[in-house]
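Below you'll find the structure, written out as structure tokens, and then a few comments.
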2 protein chains.
Amino acid sequence: MSKRTSLKDIAKELNISVSTVSRALRNVGEVSEETRRKVKELAESWKYKPDPLALGLLKNKTGYIGVILPDPVNHYFSTVLHGMNIVAQENGYHLLISYSYDQSVNEQKAIDDFVWARAEGLMICPAIDTIDIRKYQQIGGNGIPLVFVERDIPEMDVPAVITDNYKSMQSLMEFLIGCGYRRIALITNLEYYSVGRICYQAYTDVLKKKRIALRKELIIHGNMSISTSVEAARHLLQLTPIPDAVVVTDDCSAMAVMKVFQEEGLSVPDDIAVTGFNDEPFTSYISPPLTTVSRPGYLMGMKAMELLIETIKKSKSTTDCEKIILESDLVIRNSTIRSPERWTR
Amino acid sequence: MSKRTSLKDIAKELNISVSTVSRALRNVGEVSEETRRKVKELAESWKYKPDPLALGLLKNKTGYIGVILPDPVNHYFSTVLHGMNIVAQENGYHLLISYSYDQSVNEQKAIDDFVWARAEGLMICPAIDTIDIRKYQQIGGNGIPLVFVERDIPEMDVPAVITDNYKSMQSLMEFLIGCGYRRIALITNLEYYSVGRICYQAYTDVLKKKRIALRKELIIHGNMSISTSVEAARHLLQLTPIPDAVVVTDDCSAMAVMKVFQEEGLSVPDDIAVTGFNDEPFTSYISPPLTTVSRPGYLMGMKAMELLIETIKKSKSTTDCEKIILESDLVIRNSTIRSPERWTR
DNA sequence: TTGAAAGCGTTACCAG
DNA sequence: CTGGTAACGCTTTCAA
């Protein structure tokens, strides 16, 4: 069990004071060349490194950034984390990661822990069931910079990096309608701070604009798990007539929904079209390839982390709160491209 | 900027000493009921919580566990992380996460940082290019428990939780040969500490046992990225005759390989069969569904974290080093089930 | 039953 | 140029 070398060890060995050693190592203050050289040599050979805990205690800085994401097992969030990690690493920060599993209580606990552990900044993707936003205010109250990522809370004066889901959904809906689809179903989560909520908004807005009746029975609220989506798909098949397209706000669920239809002997997209969200890698490999919205998760993570670190470094007050909205791309694939003759039926 | 309340604050308010407050709060030592009550009340209302940094400095304990994984964007590793996180959370530990991106230098840096930050334990999936194992010995030298996960280094006396990839690959190969496949190609990474290396071993062993000639040209070394796998697939199509089956040691790559074949007008599995590894969710949705090996990532993460925390708590010496090997399942799907009449050609 | 002091590893300030 | 001291927040030992 090799002991860590401390300033004191070096000082003792060289018969000088701890303060001199400290100054010598940091190249500050007045230290004779001779002493400085000797100190540095010894420090080098003893592999001295300052103790982060002691430094943290003293300076109130830890080099940690607390990250709270909803779910570890989600490709899209993984790309976001990847982006955050790259930037954090470049800037010498370490990531403290916690997962809320989309439950506010877990998030609250993680926030408390991170604040208490003196994280220098917090990056949060708010849990989907968030209603009480005081927990976020408390963070600012403690003087810790906060940035929202992927999900914004507009009424809060907190910087955020998100993607333009409203616009994406709008494009998607307009595209589908342009194709000729009219009975368009929606499977989505509707929680207030979710992607799905915004998609729902765009969905209704576009229908209204295009003067297509909004049918309640075509809108299904789910939690975007495979099982509830499968159930939702089965439900849609009970309707007469069945929808001619189904918009699902998650690729995995869309894939599962598509499979339900195919197992029932329907052709996608000739009998019923399906779309997803996120453009996960598999979407171009399934059959038929999935029309979806490609979102820049990696870039979002990077931008958000840059914003957070910038805020930390300037120790800016949260007053100037930038909301960065990244563009997404509509990716059109065969799951919506119906053969012309099938439009006649 | 609300200041954190410290023992000193409480002591000052109550006109008693810091040590008394400390004892009162922790229910140790002799403190009068009266004092204890008053202290606890005030601590409660001021939301006092001990400072983790100060405690860490004093006790050499931080409540952090350092985790080093190869890649944030990998479904399988995400499930492993999920398992680790659940167990860590239950036990009051926080995760410090770093990604090596499968490069030893990054791993080395992360180890140094974590050791220096007084992580109480380290959980590492060794970078694929690891050759120098001294970095791991150093960790033990610092008295910090270490557990390997997903990739073991057998020559080291370090606890590990892995899956039985040799056996899985053996089953897979025997299954394929049992089906009638004879020209079985292999696309895999061959780095020493990789899953692929072990698969390669099983591949050759089974061929030998079944007295099937080992053909060098059927073995392709790749890094399991989509692009190199696509290249590998194209290469295999140059051979005459082409292989009748291709074993790929990663689902994503297998999916890409399959697509190459299909785009060339070949039928999978009638012209050429394909198998993957990991049983990622999409594998049952692509066309044809992929034969693959289902590995218990979540369970592995949990077991590994349990092992690590147990070791931390007992502050066991690394002498009794348990190597836990979890079983995997062969999942047979249509990508290998060839119509009988196609065997006659 | 309580308090003072030392110590964990570091930096900052002030004398010398 | 150098050293001592206080401080960060806490626990522990010893003395009162």
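A note on names: the letters A, B, ... follow the listed sequences, proteins ahead of strands, and every chain is numbered from 1.
In this structure the side chain of B/Leu7 reaches within 4.5 angstrom of the side chain of B/Leu25, judged on heavy atoms. A/Ser98 has its side chain within reach of A/Phe114: a pair of non-hydrogen atoms, C-beta onward, lies under 4.5 Å apart.
One side chain, A/Gln108 or A/Asp112, offers a donor N or O that lies under 3.5 Å from an acceptor on the other.
Within the structure, the side chain to side chain donor-acceptor pair (under 3.5 Å) test picks out the following pairs touching residues 43-59 of chain A (sequence neighbours left out): A/Asp51-B/Arg118.
Phosphate contact (OP1/OP2 of C/dT2, side-chain N/O of B/Thr35, threshold under 4.0 Å): present.
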Next on the checklist: Let's go through B/Arg37 and B/Glu33 carefully: what are the C-alpha distance in whole Å and the side-chain angles of both, what is the deciding distance for salt bridge (charged side-chain N to carboxylate O under 4.0 Å, His left out) to 0.1 Å, and is it a yes or a no?
Outcome noted: CA-CA 6 Å; B/Arg37 194 186 47 71; B/Glu33 263 322 304; over 6 Å; no
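Distance alone, capped at 3.5 Å, places no donor-acceptor pair between the B/Trp116 side chain and the A/Arg4 backbone.
Residues that satisfy the side chain to side chain donor-acceptor pair (under 3.5 Å) test with A/Ser6, not counting sequence neighbours, are A/Asp9. With sequence neighbours excluded, no residue satisfies side chain to side chain donor-acceptor pair (under 3.5 Å) with A/Asn15.
Axis deviation across the helix from C/dT1-D/dA16 to C/dG16-D/dC1 amounts to 60°, comparing end segments of five pairs, rounded to 10 degrees.
Once rounded to the nearest 0.5 Å, the distance linking OH of B/Tyr93 with CE of B/Met305 reads 10.0 Å.
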Checklist outcome for this item: With B for base contact, S for sugar-phosphate-only contact and - for none (protein heavy atoms under 4.0 Å), nucleotides 5-14 of chain C reads --BBBBBB--
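The aromatic rings of A/His82 and B/Tyr101 sit tilted relative to each other, their planes meeting at an angle between 30° and 60°.
Taking every nucleotide of DNA chain D with any atom under 4.0 Å from a non-hydrogen atom of chain B, the first and last of them, 5' to 3', are D/dC8 to D/dT12.
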